[in-house]
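Heads up, the thing below is written out as structure tokens.
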Amino acid sequence: MAPFRILSFDIECAGRKGHFPEPTHDPVIQVANLVTLQGDDQPFVRNVMTLKSCSPIVGVDVMSFDTEKEVLLAWRRAEVLGIAEFPILGRIRNSRVRIKDTTFSSRQYGMRESKEVTIEGRVQFDLLQAMQRDYKLSSYSLNSVSAHFLNEQKEDVHHSIISDLQNGNSETRRRLAVYCLKDAYLPQRLLDKLMFIYNYVEMARVTGVPISFLLSRGQSIKVLSQLLRKAKQKSLVIPNAKHAGSEQGTYEGATVLDARAGFYEKPIATLDFASLYPSIMMAYNLCYCTLITPEDAKKLNLPPECLNKTPSGDTFVKSNLQKGILPEILEELLTARKRAKADLKVAKLFLLFLGIFLVLVLRLVAMSCIILHNLVQLYNEAKDPFEKAVLDGRQLALKISANSVYGFTGATIGQLPCLEISSSVTSYGRQMIEHTKKLVEDKFTVLGGYEHNAEVIYGDTDSVMVQFGVSSVEAAMNLGREAADHISGTFIKPIKLEFEKVYYPYLLISKKRYAGLYWTNPDKFDKMDTKGIETVRRDNCLLVKNLVTECLNKLLIDRDIPGAVQYVKSTISDLLMNRMDLSLLVITKGLTKTGDDYEVKAAHVELAERMRKRDAATAPNVGDRVPYVIIKAAKGAKAYEKSEDPIFVLENNIPIDPHYYLENQISKPLLRIFEPILKNASRELLQGSHTRSISISTPSNSGIMKFAKKQATCIGCKALISNSDHTLCSHCKGREAELYCKSVANGGRFLFSVADLEQLFGRLWTQCQECQGSLHQDVLCTRLDITVSDDSKKCYILFSRDCPIFYRRKKAQKDMAEARVQLDRWSF
DNA sequence: AGCTCCCGATCTCAAGCTATATTGC
DNA sequence: CTGCACGAATCAAGCAATATAGCTTGAGATCGGGAGCT
């Protein structure tokens, strides 16, 4: 098979939002830019008419970020321009591209609306969808994704100036082309870096579905496909189960042992079942084809030693009578996962012979060139920690696939639900974790000849956390291994309890929430591991995330409690004095359903609705994440009345509400962390001189004035003043001379000097220029009129919402403009 | 006429419940 | 033969748990107005 050739496809057209400007003399670049990148060739821009000459193309052909929307836009645009050949993108002569709306909704991925594009003969691989499925991020724009994975950003060109660039001279058109090129190039780099093709080809081969299914369908199709494949081999027929519409309801899931919350300064050993649910299904031969009713068993006169009664009361035959299909499928998935884990080991150990060995093994398993190619590459670059993360994601995907075999049997609205299997699996699981807990606590006692009594402090589904009482990591590891071996012996193969790691120290907050240092060898900890707390959640603002992470670092790694307290205090003080970057205060939440379906008012939902009224084109849609900040408003206003678009806040100089952030965002998470460690945490952290800030009075409270409004502020103390002709509030009158000096010279505590701000802006500006890749041109992604006052250049209002620097530059700009105005307001 | 008392209306606040978002396994 | 309207069919891994904010409810506090008394 010929190697894949990957064609990156990107389309840029002016008037994205459905307004189509008049066709220009050269419609090509406005319609589409196709960028092909093959090996070491120089990337080049082709116009759409020459696409057909790119053939012969094999394999994955069309790949982009948000392919569907882009094709649709270009398609409409081509229609307006009367380019009849455009929709012929497939490899079948005269077959036209067809586009239709689809919605996909699942519990795992939420509801998403998208466009389905049929391009015959080409496999589409939409990076946006792949990203949304494989990685949990706060924003999925190409810009922010590239920043996250590639440390590189694209030059964002707002659609409103595309026409200008196109109608300008050859230089401006070149810039437009460069921009388009980058848009096509970035997805390719992401594709390579995250090894999407490699991973998806593997997943498609293991589960037996087309690559497109992996992006457009859910988990269950993979399981069904494997079932069908196996059933065919065995000449079995899968019934076309008519789900009778009956709400069979839900069944009992796994046990989560009660958490003994607290801060543990002794090592905690963790014992895990390896792939618990799959191994239960394998051990007890649970399958559709082994389930039997007791009556049938009697009728067929089956001997009881061939039957297995599960704790939930269902009966399955043993494998000597009939081996189940599901266990076989699981074996294959777990083998694939083992392979993936071995690759991870290569990355870890960087061993030459193992690499070669794997290449040889894999050559037998998968003859595909791409896999070989990637493996060689994998071997060469395996030391990169990023690579490790990608490989880890791959084995995780296989783990999830294995687990969804169990999920498939429990999906009551799926193709083939079988609650007998799924509830048997969970009942075995519940039994096993209780058994493990009991065994550990019974065996490791002072009476049993050990130094201390072991205590199980927590456990979730397939793991138990044990405090053996010893104080060295090494001793805990030895006891952990001993316990794992001992307990594994009491279970049927292939169920296996493994000793995995030691946490030391360990901060257990509640069920499913903990943090600790993760040790796999006794000399040095591997990393800090946090589960469920704010550091890993996406629904907090960055401020909370950073603050909590930093505190945990100080508390767990440095063991520096005063340092952590000091850090919290200074952060709170910064927040209350309004010295916080807006980008740190942006909260994002996913929009899971359409506006009407929400029963209660939530901040992000209401904001999305308001934004839709303002400008329907840029407002978030279902499935998008909505960023917002909380602004100052009347006392007692609900959070949903105080949420606002961060861009809107910056542009209109709306004050944010620091007290909201203090009370509703950072206080509780901090207390949860500090409480087990520090007595009187609340008093220490949240009260004291650092919480006294310069008070800024809120606008009048009467109903109509509920929303904050732009008002002049006193230069001295930033209090709002009613008469915008005045410079100072009545309090600060008499300090004019002093304040003016501060204002002009070095910035005072609450003021920044014009010189400072200009310097800051300059620095950020340079960074943005670097991100666009050239220092010799204006940055397109900014507002030129503010900085270059004597220049009559056209003012491009452009922004990139996801650039972390953007908010800071925007604020620096704003502050600088204000500082100038304030300087002018001194009328001596 | 002015003051007091009573009763209903309104406000406030806490407790409990529910919806929503997100994660762990 | 094509385009359009309409209806039918298809599709969606699982449960446990925490945190937050909105909503409801009920108790108590407060307020205001009218009746009655001095």
Side-chain angles (χ1 to χ4, degrees), chain A residues 102-112 136 138 207 213 216-224 240 242-243 249-259 261 270 272-278 396 399-419 421-423 425-427 429-430 433 458-464 509-514 529-540 544 587-593 597-606 625-626 630 636-643 660 663-665 667-669 672:
Chain A
T102 55
T103 56
F104 177 87
S105 110
S106 87
R107 191 180 295 191
Q108 195 182 5
Y109 301 117
M111 186 143 96
R112 294 239 164 74
K136 298 207 170 233
S138 323
T207 60
F213 276 23
S216 64
R217 305 278 294 266
Q219 290 284 351
S220 74
I221 192 70
K222 292 195 236 173
V223 181
L224 188 65
N240 186 7
K242 276 271 176 280
H243 50 274
T250 177
Y251 59 94
E252 199 180 335
T255 304
V256 183
L257 299 179
D258 282 338
T270 309
D272 276 22
F273 285 105
S275 311
L276 179 69
Y277 287 176
L396 217 61
K399 179 186 172 179
I400 289 171
S401 287
N403 264 333
S404 42
V405 172
Y406 145 75
F408 180 81
T409 64
T412 43
I413 40 170
Q415 288 98 332
L416 207 57
C418 183
L419 292 191
I421 296 176
S422 48
S423 58
V425 170
T426 55
S427 65
R430 288 195 298 275
I433 191 171
Y458 175 57
D460 187 349
T461 310
D462 65 349
S463 64
V464 286
I509 295 169
S510 66
K511 286 181 177 182
K512 300 193 192 279
R513 271 152 208 261
Y514 57 81
D529 200 21
T530 54
K531 290 286 162 67
I533 52 186
E534 282 69 21
T535 50
V536 294
R537 294 183 65 90
R538 294 181 294 173
D539 53 354
N540 290 99
V544 176
I587 303 166
T588 68
K589 280 199 174 143
L591 205 57
T592 53
K593 37 189 162 182
D597 292 344
Y598 278 97
E599 290 181 37
V600 289
K601 292 175 174 173
H604 61 298
V605 183
E606 293 292 300
R625 294 190 67 81
V626 186
I630 298 295
K638 302 279 188 214
Y640 62 80
E641 294 169 316
K642 297 163 71 172
S643 59
Y660 175 88
E663 282 155 26
N664 298 49
Q665 291 288 127
S667 83
K668 282 186 183 168
R672 275 196 292 269

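Bear in mind that the values here come from a model prediction, so they are computed numbers and not experimental data. Reminder, nothing fancy here: chain letters follow the sequence lines and each chain counts from 1.
Taking only side-chain nitrogens and oxygens, Y251(A) never comes nearer than 4.0 Å to OP1 or OP2 of dA16(C). Dashed line: the shortest gap from a side-chain N or O of R513(A) to OP1 or OP2 of dG24(B) is not under 4.0 Å. The side chain of T592(A) places no N or O atom within less than 4.0 Å of a non-bridging phosphate oxygen (OP1 or OP2) of dT20(B). OP1 or OP2 of dA21(B) has not a single side-chain nitrogen or oxygen of R538(A) nearer than 4.0 Å.
Nearest to the side-chain atoms of E599(A) among the listed nucleotides dT20(B), dA12(C), dA19(C) stands dT20(B). The side chain of D462(A) sits closest to dC25(B) out of dC25(B), dG24(B), dT20(C).
In this entry the distance linking CD1 of I533(A) with C1' of dG24(B) reads 13 Å, nearest Å. To the nearest angstrom, C1' of dT18(C) lies 12 Å from CG of N540(A). Atom CE in M111(A) sits roughly 13 Å away from atom C1' in dC11(C) (whole-Å rounding). Here the P atom of nucleotide dC25(B) and the CD1 atom of I400(A) are 12 Å apart, to the nearest Å.
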Working for side chain to side chain contact (heavy atoms under 4.5 Å, CB included), residues F408(A) and L224(A): CA-CA 8 Å; F408(A) 180 81; L224(A) 188 65; 4.0 Å; yes
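Heavy-atom distances to DNA chain C give each of N403(A) and L257(A) a nearest nucleotide, and the one nearer the 5′ end belongs to N403(A).
Taking the ring axis of F213(A) as reference, the NZ or CZ atom of K222(A) does not stay both within 45° of it and closer than 6.0 Å to the ring centre.
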